[in-house]
Undergrad: 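Attaching a single structure in structure tokens format; questions to follow.
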Amino acid sequence: MNACERIMPLVGRVLISAIFLFSGITKLTHFSGMVPFMASKHMPMPSVMLAGALIVEILGALCLITGFQTRIAALITFLYLIPTTLMFHNFWAMQGAMHMDNQAHFLKNLAIMGGLLILAAYGPGELSIDASRATISKP
């Protein structure tokens, strides 16, 4: 395997994780402001849901970046994005600039979901904790 093939999955994991890590940190630092926003979207128990979102986004991003339990983290994050995308980017119910902005976010999330499915199917690549652990456990 050449250097490019070794490094590209790591770079891809970092890039796909960035949005979740920054989003999770923002939710954490603006928790009290996020709760009313989530309530405005008719989320039940918005504080609990926000805490769950924080866990998925931050822990999922860290797992993806390090390549630890990558397939599971990618699948959980993929599943998390389904209701998130449908509830927060329902562009079909909007008009004008909001319609266009939310359609772009909806499609962006679909692209991210595709990348997460690829990670879930093929794993993190050679430069990852998962690959290191598999190498160590081989006789």
Undergrad: Please check if L119 and L62 belong to a single hydrophobic cluster, counting links between Ile, Leu, Val, Met, Phe, Trp and Tyr side chain heavy atoms closer than 4.5 Å.
TA: no
Undergrad: For residues M34 and V56: do they belong to one hydrophobic cluster (side chain heavy atoms under 4.5 Å, members Ile, Leu, Val, Met, Phe, Trp, Tyr)?
TA: no
Undergrad: What residues, two or more places apart in sequence or in another chain, satisfy side-chain hydrogen bond (donor to acceptor under 3.5 Å, both in side chains) together with T85?
TA: N109
Undergrad: Could you list all the salt bridge (Lys or Arg N to Asp or Glu O under 4.0 Å) pairs where at least one residue sits in residues 83-96, not counting sequence neighbours?
TA: none
Undergrad: Inspect the surroundings of CE in M94 and state if more than 12 heavy atoms from other residues, nucleotides or ligands are less than 6.0 Å away.
TA: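 Yes, CE of M94 has more than 12 neighbouring heavy atoms, counting only those of other groups under 6.0 Å.
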Undergrad: Sequence neighbours left out, what pairs pass salt bridge (Lys or Arg N to Asp or Glu O under 4.0 Å) with at least one residue falling in residues 93-103?
TA: none
Undergrad: Taking atom NE2 of H105 as the centre, does the number of heavy atoms from other residues, nucleotides or ligands within less than 6.0 Å exceed 12?
TA: yes
Undergrad: Under 6.0 Å from the CE atom of M98, do we count more than 12 heavy atoms belonging to anything else shown?
TA: no
Undergrad: With under 30° as parallel and over 60° as perpendicular, where do the rings of F106 and F91 fit, or are they tilted in between?
TA: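 Geometry flag for F91 against F106: perpendicular rings.
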Undergrad: Suppose the criterion is side-chain hydrogen bond (donor to acceptor under 3.5 Å, both in side chains): which pairs have a residue in residues 58-73, not counting sequence neighbours?
TA: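 Listed by first then second residue: T70-D130.
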Undergrad: Hey, any chance L28 and F37 share a hydrophobic cluster, counting ILVMFWY side chains that come within less than 4.5 Å of each other, even indirectly?
TA: yes
Undergrad: Which pairs with one or both residues in residues 103-118 pass salt bridge (Lys or Arg N to Asp or Glu O under 4.0 Å), sequence neighbours excluded?
TA: none
Undergrad: Within the distance-only criterion (no hydrogens, no angle test), does the side chain of N2 pair as donor or acceptor with the backbone N or O of E5 below 3.5 angstrom?
TA: yes
Undergrad: Would you be so kind as to tabulate the donor-acceptor pairs closer than 3.5 Å made by side chains of residues 43-54, with sequence neighbours excluded?
TA:
none

Undergrad: What's the spacing between H30 NE2 and K27 NZ if we round to 0.5 Å?
TA: 12.0 Å
Undergrad: Through direct or indirect side-chain contacts below 4.5 angstrom among Ile, Leu, Val, Met, Phe, Trp and Tyr, which residues connect to Y122?
TA: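 Cluster partners of Y122: I118.
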Undergrad: Tell me every residue that passes side-chain hydrogen bond (donor to acceptor under 3.5 Å, both in side chains) with R6, counting only those two or more places apart in sequence or in another chain.
TA: E126
Undergrad: Report all side-chain donor-acceptor pairs from residues 77-84 shorter than 3.5 Å, counting only partners two or more places apart or in another chain.
TA:
unit_1: T77; atom_1: OG1; unit_2: A73; atom_2: O; d: 2.7
unit_1: Y80; atom_1: OH; unit_2: E57; atom_2: OE2; d: 2.5
unit_1: T84; atom_1: OG1; unit_2: Y80; atom_2: O; d: 2.8

Undergrad: Using atom types as modelled, flag every donor-acceptor pair under 3.5 Å from a side chain in residues 9-21 to any protein atom, sequence neighbours excluded.
TA:
unit_1: R13; atom_1: NE; unit_2: L64; atom_2: O; d: 2.7
unit_1: R13; atom_1: NH1; unit_2: P124; atom_2: O; d: 2.6
unit_1: R13; atom_1: NH1; unit_2: L127; atom_2: O; d: 3.3
unit_1: R13; atom_1: NH2; unit_2: I65; atom_2: O; d: 3.1
unit_1: R13; atom_1: NH2; unit_2: L127; atom_2: O; d: 2.9
unit_1: S17; atom_1: OG; unit_2: R13; atom_2: O; d: 2.6

Undergrad: Ignoring hydrogens and angles, tell me if any N or O in the side chain of N90 forms a donor-acceptor pair with the backbone of L86 under 3.5 Å.
TA: no
Undergrad: Can W92 be reached from L110 by stepping across I, L, V, M, F, W or Y side chains whose heavy atoms are under 4.5 Å apart?
TA: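 Linked, L110 and W92 end up in one cluster.
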Undergrad: Enumerate the residue pairs fulfilling salt bridge (Lys or Arg N to Asp or Glu O under 4.0 Å) with a member in residues 41-52, sequence neighbours excluded, ordered by first and then second residue.
TA: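 Sorted result for residues 41-52: empty, none.
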Undergrad: Which ILVMFWY residues can you reach from F68 by hopping between side chains whose heavy atoms are under 4.5 Å apart?
TA: I129
